[in-house]
Amino acid sequence: MTDKAPRRIAGIVPATGERPIFEVGDRVRVMTREPVGHYRVPTYLRGKVGVVDAVIEPAAVDNEEEAYGRNAGSRRHYYRISVPMTSIWPGYAGSPRDDLRIEVFETWLERI
């Protein structure tokens with residue numbers, strides 16, 4: 001992770017996935033999808049709301065597409081998100097401040 005914003009040059013359009021679409025502090029929801037085959041998001045997190053804790057740099061290949069040989073080198077970002085344990089596990093007996101931090105690929109997150 002880097003604290004510096006990338007240098008921007010007027011008139012230059014970045015490629016898809018070159019810049020992260022979320023920033024630290026953004027509220028996001030883990031999408032609820034039912035893909036067939038290989039996927040990397042735990043089912044218990046689908047539909048849950050969290051906050052972006054970190055943008056993982058550099059961008060990486062989509063491991064779900066890579067598993068099927070369809071990636072062709074395209075890169076996007078992973079994000080470490082923080083999800084309250086009380087929203088994941090009903091009746092959670094720990095502190096209401098406890099959270100789960102997990103890295104999720106960009107294609108699984110939506111802004112709320």
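In this text, all values refer to a predicted model and were calculated from it rather than measured experimentally.
Scanning all heavy atoms of the two residues, the minimum distance from Arg75 to Ala59 falls at NH1-O, 3.4 Å. Residues Val52 and Tyr79 come closest through the heavy atom pair CG1-CD2, 4.0 Å.
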Inset, instruction - Take Arg111 and Asp26 through the test salt bridge (charged side-chain N to carboxylate O under 4.0 Å, His left out) and record every step on the way to the result. - result: CA-CA 7 Å; Arg111 186 177 316 277; Asp26 284 351; 2.9 Å; yes

Legend entry - Val28 and Phe22: CA distance, side-chain angles, deciding distance, side-chain contact (heavy atoms from CB on, under 4.5 Å) verdict: CA-CA 9 Å; Val28 294; Phe22 302 109; 3.7 Å; yes

Inset, instruction - Apply the test side-chain contact (heavy atoms from CB on, under 4.5 Å) to residues Arg76 and Asp62: give CA-CA distance (whole Å), side-chain angles for both, the deciding distance (0.1 Å), then the verdict. - result: CA-CA 7 Å; Arg76 293 188 181 222; Asp62 179 343; over 6 Å; no

Tabulate below the donor-acceptor pairs under 3.5 Å that side-chain atoms of residues 82-94 make, not counting sequence neighbours, or state none.
from	atom 1	to	atom 2	distance (Å)
Ser82	OG	Asp99	OD2	2.3
Ser87	OG	Pro84	O	2.9
Tyr92	OH	Asp98	OD2	2.5

Pair up each side-chain donor or acceptor in residues 41-48 with any protein partner under 3.5 Å, not counting sequence neighbours, and list the distances.
from	atom 1	to	atom 2	distance (Å)
Arg46	NH1	Arg33	O	2.7

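Using a 4.5 Å heavy-atom threshold, the side chains of Ile56 and Phe105 count as separate.
One finds the CD atom of Glu110 at 5.5 Å from the CZ atom of Arg29 (value rounded to the nearest 0.5 Å). With rounding to the nearest 0.5 Å, the separation of NE2 in His77 from CZ in Arg19 is 10.5 Å.
Hydrophobic cluster membership differs between Val51 and Val49, with clusters built from Ile, Leu, Val, Met, Phe, Trp and Tyr side chains linked at under 4.5 angstrom. If you chain together hydrophobic residues whose side chains sit under 4.5 Å apart, Val55 and Ile21 fall into the same group.
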